[in-house]
There are 2 protein chains.
Amino acid sequence: MFNHEVGKLLPMTTETGATPHDQDVNWLDESQQRSWRAYLVGTTLLMDRLDRDLREQHRLSLPEYEILVRLSEVRGNRMRMAVLADSVSHSRSRVTHTVTRMEQAGLVTRDSCLSDGRGVEAVLTPYGRQVLENAAPTHVAGVRAMLVDLAADDDFAAVGRVFDAVADKLVESNPALDIR
Amino acid sequence: MFNHEVGKLLPMTTETGATPHDQDVNWLDESQQRSWRAYLVGTTLLMDRLDRDLREQHRLSLPEYEILVRLSEVRGNRMRMAVLADSVSHSRSRVTHTVTRMEQAGLVTRDSCLSDGRGVEAVLTPYGRQVLENAAPTHVAGVRAMLVDLAADDDFAAVGRVFDAVADKLVESNPALDIR
DNA sequence: AGGCCTTCGTTGAATGTTCAACCACGAGGT
DNA sequence: ACCTCGTGGTTGAACATTCAACGAAGGCCT
């Protein structure tokens, strides 16, 4: 018998039935599925919105904003490219491109690293700091309005725990290769 | 006095100090900041990884996979483009492009809608179903290993609640405009 | 029938991201 | 000094996404 209804599964579960090596798959249960899908669409909409707000109000993308924040937090307002990349969890290539755009916009400059001939540091400019300081209030307000203030404190703390674990796991299992 | 240390704030909080209209900003507290950042990097790493796994093992991107799932779940395995777009929370344009690629790969076909001359339906092909059924177990295993099984049941349920609220809020406040 | 407004979906260009290849430099061994 | 290897960062092309503009059809009103 041929099963045309794959079943109500979240973006990933697909209770098949007429498929190769099945029933040894550990599908998500109903409630897990709902949570997973809520997370998927919620995250999509949220990131989309935060990015849009920053762009419209400050001509800044979310990834650019994150880089400005990282630079603003360290002493000297300068960071090696690789460290910066790790800290935002983006590929090196991506950070190179992003920093190039930010450099053209006057938000940062590049400076070669004295202690290591290969190294390059991204440096926050006064203008970059200014843009960040203008953008930050808008952004925080958005994060509150669309996320933090919608959740019970305990629930939001749980989100923190869960994704801490996720990040640990994924940094851990990072296939030594420059996987990114 | 000029404040060079912006302060330890999450990707968004930036306790400024020497800035325009400050202190009327409702910054996140320490714990909220940690949660927010964990969520940001965790999500980045997680999506990255799930996408990579699908690509390497099944020549399928995560957005493509989600579309296959949606189609597989609905009666007739066909869906209007707009409904599909809403269900995955992507822009119509994006879905148009994605479906075009998927059509070229033989995963879906397009069919014009009889009841509405403007309408177009995406239809899952048998091959598309096959690819989905092959990919699903891998994908679910990934979702479990990098997320679900790392979290306490209560914590994961909390994630569901939080992002349900987020999605509701954002669909709600959707500026009537075809914002996407 | 005509006109106006909206929604549906597509298009192509601009923008961002990934991917593979690459060069320069540092580290360790001989 | 010389290899060899790994790392840091960049490059350009391929690929994916966004954005603004558009044509086609439905809905409504007169």
Side-chain angles (χ1 to χ4, degrees), chain A residues 44-45 47-56 59-67 78-105 108 110-122 174-180, chain B residues 44-45 47-56 59-67 78-86 88-105 108 110-123 174-180:
Chain A
T44 301
L45 292 170
M47 292 311 183
D48 222 63
R49 173 63 177 272
L50 292 175
D51 186 72
R52 188 181 308 280
D53 286 352
L54 279 174
R55 281 179 199 279
E56 289 175 353
R59 303 193 163 284
L60 217 51
S61 72
L62 185 51
E64 286 167 351
Y65 181 87
E66 289 180 54
I67 287 180
R78 53 177 57 233
M79 247 186 190
R80 289 284 295 266
M81 296 297 282
V83 178
L84 190 49
D86 284 350
S87 90
V88 294
S89 296
H90 291 164
S91 70
R92 288 168 201 245
S93 174
R94 181 173 176 180
V95 171
T96 292
H97 287 301
T98 305
V99 166
T100 300
R101 288 189 295 269
M102 294 174 74
E103 200 173 11
Q104 284 161 2
V108 300
R110 266 182 235 257
D111 202 359
S112 54
C113 181
L114 299 92
S115 55
D116 183 342
R118 300 165 295 181
V120 173
E121 291 182 325
N174 184 353
L177 315 168
D178 66 329
I179 193 66
R180 337 183 38 43
Chain B
T44 301
L45 292 170
M47 292 310 182
D48 222 62
R49 174 63 178 272
L50 293 176
D51 187 73
R52 186 179 309 278
D53 287 351
L54 280 174
R55 281 180 199 279
E56 288 175 354
R59 304 193 162 283
L60 216 52
S61 71
L62 185 50
E64 287 167 351
Y65 181 88
E66 290 181 53
I67 287 180
R78 52 177 58 231
M79 245 185 192
R80 289 283 297 264
M81 296 296 282
V83 178
L84 189 50
D86 284 350
V88 294
S89 296
H90 291 165
S91 71
R92 289 168 196 238
S93 175
R94 181 173 176 181
V95 172
T96 291
H97 287 301
T98 306
V99 165
T100 299
R101 289 188 295 268
M102 294 174 75
E103 200 174 12
Q104 285 162 1
V108 300
R110 267 183 236 255
D111 201 358
S112 55
C113 180
L114 298 93
S115 56
D116 183 343
R118 299 165 298 180
V120 172
E121 291 183 326
V123 187
N174 183 352
L177 316 168
D178 67 328
I179 193 66
R180 332 182 39 54

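Annotation: of the two residues near DNA chain C, A:Thr98 and B:Gly119, the 5′-most nearest-nucleotide partner is B:Gly119. Of the two residues contacting DNA chain D, namely A:Met81 and A:Arg55, the nearest-nucleotide position lying further toward the 5' end is that of A:Met81. Residues A:Thr96 and B:Ser115 each lie close to DNA chain D; by heavy-atom proximity, the contact nearer the 5' end of the strand is made by A:Thr96.
Going from atom CG of B:Leu62 over to atom P of D:dA16 covers 13 Å, rounded to whole Å. In this structure, A:Arg92 atom CZ and C:dC19 atom P are separated by 16 Å, rounded to whole Å.
Regarding contacts with the backbone of C:dT6, every side-chain N or O of B:Arg118 stays at 4.0 angstrom or more from both OP1 and OP2. The side chain of B:Arg94 contributes no N or O atom lying less than 4.0 Å from OP1 or OP2 of D:dA16.
Between A:Pro63 and A:Asp51, the shortest heavy-atom contact is CD-OD1, 4.0 Å.
For B:Val120, counting side-chain heavy atoms from C-beta on, the closest listed nucleotide (C:dT10, C:dC19, D:dG8) is C:dT10. The B:His97 side chain lies nearest to D:dT18 when the options are D:dT10, D:dT18, C:dG9.
Scanning for side-chain hydrogen bond (donor to acceptor under 3.5 Å, both in side chains) contacts around B:Thr96 gives an empty result, with sequence neighbours left out.
The main-chain N or O of A:Arg110 is found under 3.5 Å from a side-chain atom of A:Glu103 such that the two form a donor-acceptor pair.
A:Ser93 contributes a side-chain N or O that forms a donor-acceptor pair with the base of C:dC19 under 3.5 Å.
Using modelled atom types and a 3.5 Å distance limit, the side chains of B:Arg101 and B:Ser61 yield no donor-acceptor pair.
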